Peer 1: 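The structure's right below; bear with me while I get my questions together.
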Amino acid sequence: MRRITAEDLWTLAQTMWGEARGEGPDGLGAVALVIRNRSQDRRWSRFSIAGVCRQPWQFSVWNMGDPNRAKLLALSVDDAIFCACLRMALDVLTGVQADYTHGATHYYAEHLAPPYWAQGQALSAHIGQHLFFAGIV
């Protein structure tokens, strides 16, 4: 198991909040599981958890033009959903939380047109308003 830093925990919780704060606990946890799954994939393993989250064009909330980015950067423990994200992030990073995404490394919101990488791929989970996929290369 890789060493968990405060930056990894905070950045993972920020990403969860930014990507799925309206989804409830299952949706928030699913985002964290995707990030953990990526960090364990050999193609992503050179990055820390924070590095996986902040890779360009991977999680929209980190994109420079995203309207949620400023909100994400201003988060504090005064936000109840963010506090829940911190707790869930710790459970995911320590392996306490089982992977109910079935190994997903990618997802997208079901109201969007499918991205190119989802074409012809099998769904691994449908959680809230997001569709999850494993085995994306």
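Because the structure is predicted, anything quoted here is derived from the model rather than measured. Values reported hereafter were calculated over all heavy atoms of this structure, with side chains retained and with hydrogens, waters and symmetry mates removed.
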Peer 1: What distance separates Ser124 OG from His106 NE2, expressed to the nearest 0.5 Å?
Peer 2: 11.5 Å
Peer 1: If we only count heavy atoms from C-beta on, is the Thr105 to Ile35 side-chain gap below 4.5 Å?
Peer 2: no
Peer 1: Return the minimal non-hydrogen interatomic distance between Ala125 and His102, and the atom names on each side.
Peer 2: CB-CD2, 4.4 Å
Peer 1: Let me confirm one number: the CG-CG distance from Asp8 to Leu90, rounded to the nearest 0.5 Å.
Peer 2: 11.5 Å
Peer 1: For a 4.5 angstrom cut-off between non-hydrogen side-chain atoms, does Gln58 reach Arg38?
Peer 2: yes
Peer 1: Any chain of hydrophobic side-chain contacts (each under 4.5 Å) joining Val31 to Val96?
Peer 2: no
Peer 1: For the atom pair CG (Leu12) and OG1 (Thr5), what is the distance rounded to the nearest 0.5 Å?
Peer 2: 10.5 Å
Peer 1: Mind checking side chain to side chain donor-acceptor pair (under 3.5 Å) for Asp91 and listing every partner two or more places apart, or none if nothing turns up?
Peer 2: none
Peer 1: Nearest 0.5 Å, please: how far is CG in Leu75 from SG in Cys85?
Peer 2: 8.5 Å
Peer 1: Could you measure the distance from the CD1 atom of Ile136 to the CZ atom of Arg43? Nearest 0.5 Å is fine.
Peer 2: 9.0 Å
Peer 1: Tell me, please, which residues at least two apart from Glu110 pass salt bridge (charged side-chain N to carboxylate O under 4.0 Å, His left out).
Peer 2: none
Peer 1: Got a sec, which residues hit salt bridge (charged side-chain N to carboxylate O under 4.0 Å, His left out) with Asp79, two or more places apart in sequence or on another chain?
Peer 2: none
Peer 1: For Met16 and Ala32, work out which heavy atoms get closest and say how close.
Peer 2: SD-CB, 3.6 Å
Peer 1: Do Met88 and Gln97 come within less than 4.5 Å of each other through their side chains, counting heavy atoms only?
Peer 2: no
Peer 1: Partners of Trp62 by ring-ring contact (aromatic ring centres under 6.0 Å, His included), sequence neighbours excluded?
Peer 2: none
Peer 1: Could you list the residues that satisfy side-chain contact (heavy atoms from CB on, under 4.5 Å) with Thr101, not counting sequence neighbours?
Peer 2: Ala30, Leu33, Asn37, Asp99, Ala104, Ile127, Phe132
Peer 1: State, with a plain yes or no, whether a side-chain heavy atom of Ile4 is found less than 4.5 Å away from one of Ile49.
Peer 2: no
Peer 1: Please table the atom pairs, donor to acceptor, closer than 3.5 Å between any side-chain atom in residues 18-26 and protein atoms at least two apart or in another chain.
Peer 2:
unit_1	atom_1	unit_2	atom_2	d
Glu19	OE1	Tyr107	OH	2.7
Glu19	OE2	Ser60	N	3.0
Glu19	OE2	Ser60	OG	3.3
Glu19	OE2	Val61	N	3.1
Arg21	NH1	Trp17	O	3.3
Arg21	NH2	Asn68	OD1	2.7
Glu23	OE1	Gln129	N	2.8

Peer 1: Hey, mind stepping through Leu28 and Ile81 against side chain to side chain contact (heavy atoms under 4.5 Å, CB included) and telling me if it holds?
Peer 2: CA-CA 10 Å; Leu28 290 166; Ile81 295 173; 4.3 Å; yes
Peer 1: Just how far is it from atom CG of Leu9 to atom CZ of Arg87, taken to the nearest 0.5 Å?
Peer 2: 11.5 Å
Peer 1: Give a yes or no on whether Leu123 and Tyr100 share a hydrophobic cluster (residues Ile, Leu, Val, Met, Phe, Trp, Tyr; joining criterion: side-chain heavy atoms under 4.5 Å apart).
Peer 2: no
Peer 1: Output all residues satisfying side chain to side chain donor-acceptor pair (under 3.5 Å) with Arg42, sequence neighbours left out; order by chain, then residue number.
Peer 2: none
Peer 1: For Arg54, which residues count as a salt bridge (charged side-chain N to carboxylate O under 4.0 Å, His left out) partner, sequence neighbours excluded?
Peer 2: Glu7
Peer 1: Mind checking whether Phe133 and Tyr116 sit in one hydrophobic cluster, side chains of I, L, V, M, F, W, Y counted as touching below 4.5 Å?
Peer 2: yes
Peer 1: How would you list, by chain and number, every residue that makes a ring-ring contact (aromatic ring centres under 6.0 Å, His included) with Phe82, sequence neighbours excluded?
Peer 2: Trp10
Peer 1: Within a strict 4.5 Å, meaning less than it, do heavy atoms of the Tyr108 and His130 side chains meet?
Peer 2: no
